[in-house]
**Student:** 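Dropping a structure here in structure tokens format, bear with me for questions.
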There are 4 protein chains.
Amino acid sequence: MTEARPLRADAARNRELLLTAASQEFAERGFDVSIADIARRAGIGKGTVFRHFPTKDHLISAIVIDRVVTLTEAGEHLLDAPDAGAALLRFLTTAARELRRLDPSFLTSAEDPTAEVVQTQQRLYATVHALVDRARGQGDLRPDVTGTDVVALMCTPNHVAGCLPNASPDLWQRYLGIIFDGLRPQGAHPLPHPPPLPL
Amino acid sequence: MTEARPLRADAARNRELLLTAASQEFAERGFDVSIADIARRAGIGKGTVFRHFPTKDHLISAIVIDRVVTLTEAGEHLLDAPDAGAALLRFLTTAARELRRLDPSFLTSAEDPTAEVVQTQQRLYATVHALVDRARGQGDLRPDVTGTDVVALMCTPNHVAGCLPNASPDLWQRYLGIIFDGLRPQGAHPLPHPPPLPL
Amino acid sequence: MTEARPLRADAARNRELLLTAASQEFAERGFDVSIADIARRAGIGKGTVFRHFPTKDHLISAIVIDRVVTLTEAGEHLLDAPDAGAALLRFLTTAARELRRLDPSFLTSAEDPTAEVVQTQQRLYATVHALVDRARGQGDLRPDVTGTDVVALMCTPNHVAGCLPNASPDLWQRYLGIIFDGLRPQGAHPLPHPPPLPL
Amino acid sequence: MTEARPLRADAARNRELLLTAASQEFAERGFDVSIADIARRAGIGKGTVFRHFPTKDHLISAIVIDRVVTLTEAGEHLLDAPDAGAALLRFLTTAARELRRLDPSFLTSAEDPTAEVVQTQQRLYATVHALVDRARGQGDLRPDVTGTDVVALMCTPNHVAGCLPNASPDLWQRYLGIIFDGLRPQGAHPLPHPPPLPL
DNA sequence: GATGAATGAGAATTCATTCAT
DNA sequence: CATGAATGAATTCTCATTCAT
């Protein structure tokens, strides 16, 4: 689903180094880091980056897609869990861990999204919607919250933690706790704005 | 401690035009907009921007400081309000409206913060802490949430709304509602991570 | 027809330096010279080139257009000359002098030609066709040669001379003489291939 | 003086594939095509290209030399033809067909020409001079034209045709016809510039 | 020998910043 | 003071060439 021809051993290793370095740089410093910095961190040449990904955007896409697919698969497994509320919370925990600062806006706002991007997106959305519907159905989620809301909220815990310097690396868990409490039906106040259009 | 020399009338007017234009550009397109675009929008020359602010970062600082001061003053006024919970909510509403995409991380993460930056920051933090303490004291806020948490959460509603393409300009209100519900004491679940160090 | 707002004195001077340097570099080394080389030769910064012309192609266009317009105007004046054959020869002499190695293929093969490019082209073609028709009408040109042929032949003398190392700078005149003799009706042999499509 | 060691069968085959592909690419798209494109067209690896030719320039040289040798041999055969004028025309026809866009300027303008290059060049020049002398001697060529002139004119027909977009692949024949008429003694006008130095 | 992955010099282009007008 | 022209560092991307497999 991702690879076609088997990569040579060294190329595969470099690809991993590259993806790791890029992931970290993107997570730490956002998508504006230069390819040169990524290459340096990966310990490979600048040109090698472009051999693996024809464009910086392709690299970003690949990383985001990889994370999103992992996340989506985790979500799909959670659809079987008996406790739908706990499943949603676990999903959001995984989301925060996987996505870090790679907010899905990159997926949604790509200029001319690849078929792969579109499909990845939709699979994610469908999964989130299903998780949300189940949780709502079991009374574990406030009724006025939609799947699209939850998609938008996925990266929030990291973003909040990122606002604080010297934050502990797990601080996001705290904010996920707060936000998830805001999503529970108990003590929910009516929301002042209608839900966003579905993606 | 702050600059005091009176500006010539036209210079003062240009400064206003510039600040307005920069505010809007930053809010709409982030800090990556070019100085040229800002100058064009302000209807002034690029060089004039640098006469008023020696550096793009200084301009950003000035804008952020301006917003933060406005916000802080609003917060200070709200310290008198009888209903501390409502006051905090009103404060966060103002914060979302004022700050848009200018998250305070710019303040907290500046390389070598000016005295002015530091002071602005601290006045804001003090105010938020006071608002938070009052709300907590009145039982309107869950007891395990700190002022620092609320500082970090200030920009969240905008950030969430920004994850959705074609979002209504007021969509942040919806997410503020959710988050604020998460901050209420009713139905709060214990948080899995201790609070961050105070700023 | 070329400029709109009057340029500042120094900018105008730099523009001239730039156009001159670019002309020479293009003429001597073809369109592949780097912008850096052109800037160096002009004694200006690389960035300045892009202030004057948003793109390398725009610079090339500007130069070619300038030359072609000059040439076209010369051609238009020659339409009044009594001796149409001599007029055509004089036109081709001017063409060789003006165009050097900037063959019109740049005009004809631009990706998405500007309105200005298209218009410049067409004015040139119309002029050449008129000159050719007049010369043919007066019996100074072999009847099987078209205006399009002459357009294509315009840069030939320079190209031939360019094949020889250490050629005298006026050597092209020799090859224009030979080619022009080939265009005369006297002793013309039937051509083995039909004329090209009109441009 | 030329390499003699026998190539392994497959290596010899690859060399042929490479030369063919490179010839075609150079002829169709000029010397700027990338080695990668040539290798792809030849169906061999990029590295193989460099095993056969240490440098892109060496490859170009080899191609040009190959063509020029072929052409020279054709010319040498034509020295026996009874009609020297027709022989020269046939030679120029072959030249246009063989050289396409590979103008001899590559030979003459190489940085530090190989012994092989020099020798190839000189054998060509000698042949052209001989053909020209014979033709002139038989009264089939204007007396003021030299062998060097003809060398320089060899690629002209292709160059002219190349100035027109969508030209028929044989359009060069038309321009060879015109140029050859310009080389005939009938109706020749005195040339305005002395002949170039012999090569 | 053949292959294609890796490399880094160089190209076009952008943009914060400086400085002549 | 205001302006916008000039500058060069930094960025993305290409491609000849080298080298591990």
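Chain letters run A, B, ... following the sequence lines, proteins first, then strands; residues in each count from 1. All of these numbers come straight from a predicted model, not from anything done at the bench.
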**Student:** Is the A/F31 ring parallel, tilted or perpendicular to the A/F26 ring (thresholds 30°, 60°)?
**Tutor:** perpendicular

**Student:** Between protein and nucleotides 11-13 of chain F, what N or O pairs are separated by less than 3.5 Å?
**Tutor:**
unit_1	atom_1	unit_2	atom_2	d
F/dT12	OP1	A/K56	NZ	2.9
F/dT12	OP2	A/I35	N	3.1
F/dC13	OP2	A/K56	N	2.9
F/dC13	N4	A/K46	NZ	3.3

**Student:** Rounded to whole angstroms, how far apart are CZ on A/F53 and C1' on E/dA6?
**Tutor:** 15 Å

**Student:** Hey, which sits more toward the 5' end of DNA chain F by its nearest nucleotide, B/I44 or D/R51?
**Tutor:**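 On the 5' side of the pair lies B/I44.
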
**Student:** Applying side-chain hydrogen bond (donor to acceptor under 3.5 Å, both in side chains), can you list everything that pairs with A/R100, at least two apart in sequence or on another chain?
**Tutor:**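 Partners of A/R100 by the side-chain hydrogen bond (donor to acceptor under 3.5 Å, both in side chains) criterion come out as none, since no residue qualifies.
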
**Student:** Among residues at least two apart in sequence or on other chains, which ones pass side-chain contact (heavy atoms from CB on, under 4.5 Å) with B/R40?
**Tutor:** B/A36, B/D37

**Student:** Where each residue is assigned the nucleotide of DNA chain F containing its nearest heavy atom, which of C/G45 and A/G47 is assigned the position nearer the 5′ end?
**Tutor:** C/G45

**Student:** Examine F/dC1: is either OP1 or OP2 under 4.0 Å from a nitrogen or oxygen in the side chain of B/N14? Give yes or no.
**Tutor:**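 No, because none of the side-chain N or O atoms of B/N14 sits under 4.0 Å from OP1 or OP2 of F/dC1.
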
**Student:** Between B/H52 and F/dC1, does any side-chain N or O lie under 4.0 Å from OP1 or OP2?
**Tutor:**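 Indeed not, no polar side-chain atom of B/H52 lies that close.
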
**Student:** Dot-bracket for DNA chain F: what is it, with Watson-Crick or G-U pairs under 3.5 Å, [ ] where a pair crosses earlier ones, and | for a pair to another strand?
**Tutor:** .||||||||||||||||||||

**Student:** Check DNA chain F against residues 16-26 of chain D and give the residues with a non-hydrogen atom under 4.0 Å, in numerical order.
**Tutor:**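 Going residue by residue through residues 16-26 of chain D, none turns out to have a heavy atom under 4.0 Å of DNA chain F.
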
**Student:** Please identify each residue that fulfils side-chain contact (heavy atoms from CB on, under 4.5 Å) with A/E16, with sequence neighbours left out.
**Tutor:**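 Only A/L19 meet the side-chain contact (heavy atoms from CB on, under 4.5 Å) criterion with A/E16.
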
